[in-house]
Q: 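Let me begin by handing over the structure; questions about it come next.
If you read the sequence from its start, that first residue is 1, and numbering goes on from there.
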Amino acid sequence: MKTKMKIDSLTLLGSRKNYSVRFKSGFNLISGPTSTGKTSILEMIDYVLGAKKHKDYIEIRSSCSSAQLVLWLGDHKYRITRELFNFHTPVIVEEWDEEKKKFLFYNRYEIDIPSNPKSLSAFLLEKLGMADITIKGQNLSFRDLYKYCYLKQTEIDNENIMRESDWVHNIKRKATFEIIFNVYDELLEEYKRTLENRKKEIEELSIRLSGIEEFLKNVEIGTLIECNNVQNKLRKELKETEEKLDKLKKSKGNMTPEAIGLREEIENCRNTINHLKSRKNDQTQYINKLKLLYNQYSSEIEKKELAIQGYLTFNKYEFVLCPNCLQPLTQKADATTCCLCGSEKTNDAGEVLIEKKEIQLLKRKRSELEKFITLQDKDVDGLLHDISDLNAHFSEMEMELAHLSKGYLDPVLEKIEYFNYELGRKNRELAELEKDEKMFEELDRLRSIFKEKEKVISSLKDTIKKLSENAVNKEELIQTLSETFEQILKDFQYPDLTNAFIDDKNYLPYVRGRKYSELGSLGGVTLITIAYYVSILLVGASNLYHHPNLLIIDSPRKNLGAQTTKEVESEFRDERIFNAIMQCLMKTAEDNKDNIQVIVVNNGCPEFIPKECVVAEFDSDQKDNLPKGLIDDAVNQ
């Protein structure tokens with residue numbers, strides 16, 4: 001059974017709030033003007049799925065710590081969490097537990113090459129049934145496969161669609177194409193080798209499972225549910241015991257009236273001391289703020305005094321060189337202007353007098369503030385003196401209470417000791433149960449992985465059987481792809497469309513009898529590139545093949561439509577062509593919504609797109625109460 005991939009949601013975990021976009025089956029549109037975070041949504045999906053890094057978005061850096069992607073791989077739902085701006089930290093993968101209605105820890109994976117079995121790439125490929133496949137000694141990567149699922153804005157008019165001009169990348173590109181469509185010559189042997197590797201892995205996993213099961217045989221509790229029930233019961237008993245102990249401590253017991261009165265006085269004294277300490281702390285903080293203000297006054301006075309000194313000193317000289325950088329100053333014929341700043345010279349001392357008056361005012365304020373701070377310091381000293389006296393009195397009363405209680409056996413104290421013992425015992429039991437709980441959780445996790453390994457082995461056996469019995473006819477496949485490709489270009493209203501096909505040797509698109517990169521038209525390349533990706537999606541979505549059934553397109557308007565700002569050929573600068581593309585993408589996805597998912601980013605939302613297909617819409621002016629962008633509450637830095 002083929003494993004399909006579907007994006008459920010993307011969430012950026014924020015310091016103020018989380019920022020989420022939910023996706024649906026079929027067609028999904030993210031709409032809004034430039035610089036609202038549309039493309040960053042796609043780049044965050046790409047990043048969580050193993051891209052080496054992401055761009056340094058200012059709003060995201062100041063607001064978010066991690067990105068979470070919830071996706072379906074076949075019938076299983078996973079949540080992948082990856083730290084932002086920390087590109088080498090392993091990702092955390094959790095699996096949805098339908099019974100418990102929550103995600104449970106599945107495993108931790110590294111961002112590494114797929115030959116590392118603990119890499120995210122190896123995990124994703126295994127779930128898609130394509131693990132351990134090698135191409136000329138190199139492992140097939142999930143990123144190789146994902147290249148056929150994600151059409152970036154920077155690549156939409158690229159005359160090197162799949163980096164075919166680089167022979168190293170071209171080898172993997174062609175091989176990945178063949179692997180997707182089961183025409184890779186060595187694919188059958190690769191799957192057989194993978195099957196043997198998975199059998200070894202499941203044997204090792206079985207040994208680990210046996211060890212944990214053997215350990216848990218010595219535990220009286222049989223299942224994780226029983227363990228949780230005992231924990232809940234023990235926590236309830238702990239709470240009840242704590243309440244009894246607290247009530248007992250507050251009781252007066254059978255002590256003498258003198259001791260009871262003294263205990264009440266001690267309690268009142270303790271409360272008074274705590275109150276005075278709180279007042280002292282508040283007063284200290286208040287004084288610290290006053291001292292900051294005092295420092296500001298002093299700083300202002302110093303600045304103004306320096307300004308007066310500079311005015312009186314520098315006015316005596318005519319400068320030829322700048323006193324700061326020693327560069328020549330432009331000499332002005334008018335001697336009445338300052339040679340430094342160009343302001344008019346004056347002998348009027350009015351400005352100096354104004355500065356001096358302000359200094360006097362600031363000094364007076366600073367002096368008054370200094371007196372006020374001194375008074376506040378005296379209040380703190382008084383509080384410290386009161387606290388010291390009360391502490392001494394408190395110690396005297398405790399000694400007197402100890403003297404009154406000497407030789408007197410109080411049954412209340414015995415009960416307190418008993419309850420303290422019970423609390424210690426129950427806490428130790430709870431700690432042991434928590435260890436057992438972790439073992440049960442690990443057992444459940446390994447059992448889940450074991451079952452999935454069994455499914456992978458079963459799927460590999462089915463794939464090997466199908467490949468052995470029903471080899472794909474390459475000529476028929478290319479013919480189907482070419483017909484699909486040509487039909488899509490017709491739906492796109494490609495001008496003067498003739499002789500459109502996908503070559504059976506390099507698997508690249510040709511139109512008007514020429515390779516797409518030789519047309520000399522970026523508008524034409526944009527149309528062809530989108531049609532090429534869509535045709536591979538539609539044919540590859542069949543259960544016979546291995547395309548993940550997902551396509552993400554960033555900004556298909558590039559080089560197309562009347563609203564474009566770039567000079568391109570007039571035959572492609574037609575809004576009808578752009579609308580035809582959007583209508584084709586929407587209809588194709590919605591007609592096959594049970595099988596494929598298409599996500600498109602676009603500057604604006606055409607009127608014919610149904611509202612339910614618009615999963616995120618932004619407006620920098622917040623028209624119709626739309627959010628400004630993905631990070632809609634960014635704080636100005």
Side-chain angles (χ1 to χ4, degrees), residues 1-7 46 49-50 71 73-74 114 121-122 124-136 138-151 155 161-164 169-194 456 459-460 462-464 466-468 470-485 488 501-509 529-553 588 592 595-598:
M1 182 69 180
K2 175 178 178 173
T3 300
K4 294 180 288 187
M5 179 175 173
K6 188 181 82 169
I7 306 297
D46 186 35
L49 289 175
L71 74 161
L73 295 171
S121 182
L124 292 170
L125 285 176
E126 181 180 89
K127 298 306 171 190
L128 293 170
M130 304 174 71
D132 296 337
I133 297 174
T134 58
I135 303 166
K136 305 295 183 183
Q138 297 183 62
N139 283 74
L140 173 73
S141 166
F142 173 77
R143 305 300 300 174
D144 297 325
L145 182 64
Y146 191 63
K147 183 70 186 71
Y148 285 91
C149 301
Y150 181 25
L151 181 53
E155 299 171 350
I161 292 180
M162 307 298 285
R163 299 179 72 179
E164 64 271 10
H169 289 98
N170 192 40
I171 290 173
K172 290 201 82 176
R173 176 195 66 80
K174 290 176 65 177
T176 303
F177 181 96
E178 293 174 344
I179 289 167
I180 289 174
F181 291 107
N182 289 336
V183 292
Y184 186 55
D185 293 337
E186 302 171 19
L187 191 59
L188 183 59
E189 292 304 315
E190 291 290 340
Y191 276 123
K192 288 180 179 179
R193 186 172 60 82
T194 301
V456 168
S459 176
L460 282 169
D462 289 342
T463 301
I464 290 169
K466 288 177 183 178
L467 286 174
S468 301
N470 305 306
V472 175
N473 186 307
K474 184 176 175 180
E475 289 184 6
E476 292 179 2
L477 168 67
I478 298 298
Q479 181 64 31
T480 302
L481 278 168
S482 296
E483 291 171 358
T484 305
F485 173 65
I488 292 168
F501 63 91
I502 292 176
D503 183 71
D504 61 352
K505 293 182 175 61
N506 57 29
Y507 312 126
L508 291 173
T529 302
I530 298 172
Y532 178 68
Y533 271 74
V534 174
S535 61
I536 290 175
L537 167 70
L538 287 177
V539 177
S542 164
N543 284 334
L544 294 172
Y545 305 128
H546 297 289
H547 194 287
N549 295 30
L550 168 70
L551 180 59
I552 299 173
I553 303 175
T588 298
N592 299 277
N595 198 34
I596 67 174
Q597 184 182 43
V598 175

Q: Where is the tightest heavy-atom contact between L140 and L125, given as atom of each residue plus distance?
A: O-CD1, 3.1 Å
Q: Just by distance, no angles: are the side chains of E483 and Q479 close enough, under 3.5 Å, to form a donor-acceptor pair?
A: yes
Q: K127: which residues meet the salt bridge (Lys or Arg N to Asp or Glu O under 4.0 Å) condition with it, sequence neighbours left out?
A: E452
Q: Walk me through whether R173 and E178 qualify under salt bridge (charged side-chain N to carboxylate O under 4.0 Å, His left out).
A: CA-CA 9 Å; R173 176 195 66 80; E178 293 174 344; over 6 Å; no
Q: Before you tell me yes or no, could you show the steps for N595 and N549 under side-chain hydrogen bond (donor to acceptor under 3.5 Å, both in side chains), namely the whole-Å CA-CA distance, both residues' side-chain angles and the distance that decides it to 0.1 Å?
A: CA-CA 7 Å; N595 198 34; N549 295 30; 3.2 Å; yes
Q: Could you give the distance from CG (L538) to OG1 (T480), rounded to the nearest 0.5 Å?
A: 12.0 Å
Q: Please report the closest heavy-atom contact between H547 and C149, naming both atoms and the distance.
A: CE1-SG, 3.9 Å
Q: Not counting sequence neighbours, which residues clear ring-ring contact (aromatic ring centres under 6.0 Å, His included) with Y507? List them please.
A: F177
Q: Sub-3.5 Å donor-acceptor pair from the side chain of Q597 to the main-chain atoms of L551, do we have one?
A: no
Q: Please step through side-chain contact (heavy atoms from CB on, under 4.5 Å) for the pair D503 and L508, ending with a clear verdict.
A: CA-CA 6 Å; D503 183 71; L508 291 173; 5.5 Å; no
Q: Mind checking the CZ-CG spacing from F142 to L128? Nearest 0.5 Å is all I need.
A: 6.5 Å
Q: Got a second to check how far I536's CD1 is from T484's OG1, nearest 0.5 Å?
A: 10.5 Å
Q: Identify the two heavy atoms, one from D132 and one from N139, that lie closest to each other, and give their separation to 0.1 Å.
A: CA-ND2, 4.3 Å
Q: Using the ring of each side chain (for Trp, its six-membered ring), is Y148 parallel, tilted or perpendicular to Y533, with breaks at 30° and 60°?
A: tilted
Q: What distance do L537 atom CG and L151 atom CG have between them, rounded to the nearest 0.5 Å?
A: 12.0 Å
Q: In chain order, what residues pass the salt bridge (Lys or Arg N to Asp or Glu O under 4.0 Å) check against K174, with sequence neighbours excluded?
A: none
Q: Nearest heavy-atom pair of M5 and L550: which atoms, and what distance?
A: O-CB, 4.0 Å
Q: A122 and P114: which non-hydrogen atoms are nearest, and at how many Å?
A: CB-O, 3.7 Å
Q: Calculate, to the nearest 0.5 Å, the distance between atoms CG and CZ belonging to L124 and R143 respectively.
A: 9.5 Å
Q: Spell out, as yes or no, whether a donor-acceptor pair under 3.5 Å connects the side chain of N182 to the backbone of L544.
A: yes
Q: Give the minimum heavy-atom separation between I596 and T588, together with the two atoms involved.
A: CD1-O, 3.9 Å
Q: Going through the distances and angles, do M130 and L145 end up as a side-chain contact (heavy atoms from CB on, under 4.5 Å)?
A: CA-CA 10 Å; M130 304 174 71; L145 182 64; 3.8 Å; yes
Q: Given 3.5 Å as the limit, does a donor-acceptor pair link the side chain of K2 with the main chain of S542, or not?
A: yes
Q: Please check: side-chain N/O of S535 versus main-chain N/O of Y532, any donor-acceptor pairing under 3.5 Å?
A: yes
Q: Would F181 and L481 count as a side-chain contact (heavy atoms from CB on, under 4.5 Å) here? Give the steps.
A: CA-CA 11 Å; F181 291 107; L481 278 168; 4.0 Å; yes
Q: Test side-chain contact (heavy atoms from CB on, under 4.5 Å) on V534 and V598 and set out the steps.
A: CA-CA 9 Å; V534 174; V598 175; over 6 Å; no
Q: State the OG-CD1 distance between S141 and I133, to the nearest 0.5 angstrom.
A: 12.0 Å
